Amino acid sequence: MSAPRQQEPPPQLAMLQIISGFWVSRAVFVIAKLGIPDLLNSGPKTADELAAATNMHAPSLFRILRALVSVGVLQSDPQNRFSNSPLSETLITDVPGSLRWFTISELGQEHYPAWGNLMHSVRTGGIAFDNFYGADVWAYFKDNPEDAAVFNNSMSGMTAAVNDTLRSLYDFSRFNTVVDVGGGHGGLITEILKSNPNTKGILFDAAEVVLGAKEKLAAAGIDDRCDAVGGDFFKSVPAGGDAYIMKWIIHDWNDEQATRILKNCRAQMSPDARLIIVDCVVPETNEPHFSKFIDLNMLVMTGGKERTANEFEGLLNAAGFKLLQVIPTDQPTSIIEAQPA
Ligand code: SAH
């Protein structure tokens, strides 16, 4: 028997699903913030039990949970006990590559109001976040350490999700010293050093971010091989690397700013050193791709953008590099390798 044909919903219904997408996102935010998937990890629970454990209003929480069951984020049984689905398991705090902190950061405090101000970016080309908060996001994080901690955790989670892929597709063992420029709390450099015992690392980020990273490097047992250096990549980056890696950095900045960061890396590099950019590469074709919406996230949050392979090549050439290869991965991000020209 042939499989039943998937019926396309009529356009009005399909459009309604798109329009109400943020209702789903915000409901997911609530369960991530409350740690509901963590609570369900020990077995199914009723809305009353979950509300008691989180100090919430049970009938309202029930409605959130019921709605999320309807879109497959949670599951329920005939006794109205809720349990995790494979989707909500990705929100458990300590699963590898957990999306919990990313969910809270993207849909909670600072990103969400900026998205509400998307029209500002479209009308003016300016940064919706800066217009809403009167400061850029990096200054905001400096002034709001709790939100910064959530953001740094969210980046660590997203990095953990791609670590295996990066290590399997790119050989870091040939480098003596890898400098992770804008390396956040060090999730990527930690994994690179753990799997390459002869390689040293330098974690470079804003001073207050690096401060929070130090204990994580120590806990991972690599602090004897990894310096943590605070600074501003618009001024300079640390010397001494034969590889400079930047994950989710170049997409934060416009072409002029990105060129400046790249030139500062170039200034420290010998002719055979390598530059490794880990970012989304926007396909030239019209298929769905995560890059096309994270691009809007950059529009509202930082004034940066996602780029096509050609656009990356243009940037690299302007900063004195030649593009060696673009390695696609099974994730939305690609590995872009370059060398001083
Ligand atoms: N590479 C990490 C973090 C990406 S988020 C990862 O993929 O997980 C972008 C990082 O750039 C943040 O950690 C932020 O603190 C850092 N950053 C922003 N402006 C900076 C500057 N001027 N100098 C150094 N780091 C900066």
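Whatever order the structure lists them in is the order used to number ligands and atoms, beginning at 1. Everything numeric here is computed off the predicted structure, so don't read it as measured data.
- Set against the non-hydrogen atoms of Gly184, the atoms of ligand 1 under 4.0 Å away are 13 (O).
- For atom 7 (O) of ligand 1, the nearest protein heavy atom (residue, atom name, distance) is Lys247 NZ, 2.8 Å.
- The number of heavy-atom neighbours closer than 6.0 Å to CG of Asn55, taken from other residues, nucleotides and ligands shown, is 12 or below.
- Put simply, Ile276 and Met246 are part of two different groups of oily side chains (I, L, V, M, F, W, Y) that touch within less than 4.5 Å, one to the next.
- Scanning the protein heavy atoms around atom 16 (C) of ligand 1, the nearest turns out to be Asp205 OD1, 3.3 Å.
- Atoms of ligand 1 found under 4.0 Å from any heavy atom of Gly231, numbered from 1 in the order shown, are 23 (N), 24 (C).
- The pair Arg307-Asp255 meets the salt-bridge criterion, since a charged nitrogen lies less than 4.0 angstrom from a carboxylate oxygen.
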Item to check | Phe129 and Trp138: CA distance, side-chain angles, deciding distance, ring pair (Phe, Tyr, Trp, His ring centres under 6.0 Å) verdict | outcome: CA-CA 11 Å; Phe129 179 94; Trp138 311 113; 9.3 Å; no

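- In this structure, Phe234 and Trp253 have perpendicular ring planes: the angle between them is above 60°, well past the 30° mark.
- Contacts between Phe233 and ligand 1, counted as non-hydrogen atom pairs separated by less than 4.0 Å, involve both the backbone and the side chain.
- Between the side chain of Ser105 and the backbone N or O of Phe102, no donor-acceptor pair lies under 3.5 Å.
- Close approach of ligand 1 to Asp252 is summarised as follows: ligand atoms under 4.0 Å from at least one heavy atom of the residue are 9 (C).
- Between His120 and Asn117, the closest side-chain pair of non-hydrogen atoms falls below 4.5 Å.
- Interface atoms of ligand 1 facing Met155, defined by a heavy-atom separation under 4.0 Å, are 4 (C), 5 (S), 8 (O).
- In this structure, atom 2 (C) of ligand 1 lies nearest to the protein heavy atom Gly182 O, 3.3 Å.
- Numbered from 1 in the order shown, with element, the atoms of ligand 1 that lie under 4.0 Å from a heavy atom of Val209 read 15 (O).
- Distances below 4.0 Å separate heavy atoms of Ile249 from the following atoms of ligand 1: 9 (C), 10 (C), 11 (O).
- Counting non-hydrogen atoms of other residues, nucleotides and ligands closer than 6.0 Å to CD of Glu215 gives a total of 12 or fewer.
- Proximity to Trp248 (heavy-atom distance under 4.0 Å) selects the following atoms of ligand 1: 4 (C), 7 (O), 9 (C).
- Considering backbone and side-chain N/O of Thr159, one or more are found under 3.5 Å from N/O of ligand 1.
- Listed by number with element, the atoms of ligand 1 under 4.0 angstrom from any heavy atom of Trp253 are 19 (N).
- If you look at Phe141 next to ligand 1, there are no close heavy atoms at all, none under 4.0 Å.
- Taking all atoms of both residues into account, the shortest heavy-atom contact from Ser270 to Pro340 is O-CG, 3.5 Å.
- Taking 4.0 Å as the cut-off, Ala206 counts as a neighbour of ligand 1 on heavy-atom distance.
- Note: an N/O pair closer than 3.5 Å links Asp232 and ligand 1 by distance alone.
- No salt bridge links Glu306 with Lys292; every basic N to acidic carboxylate O contact stays at or beyond 4.0 Å.
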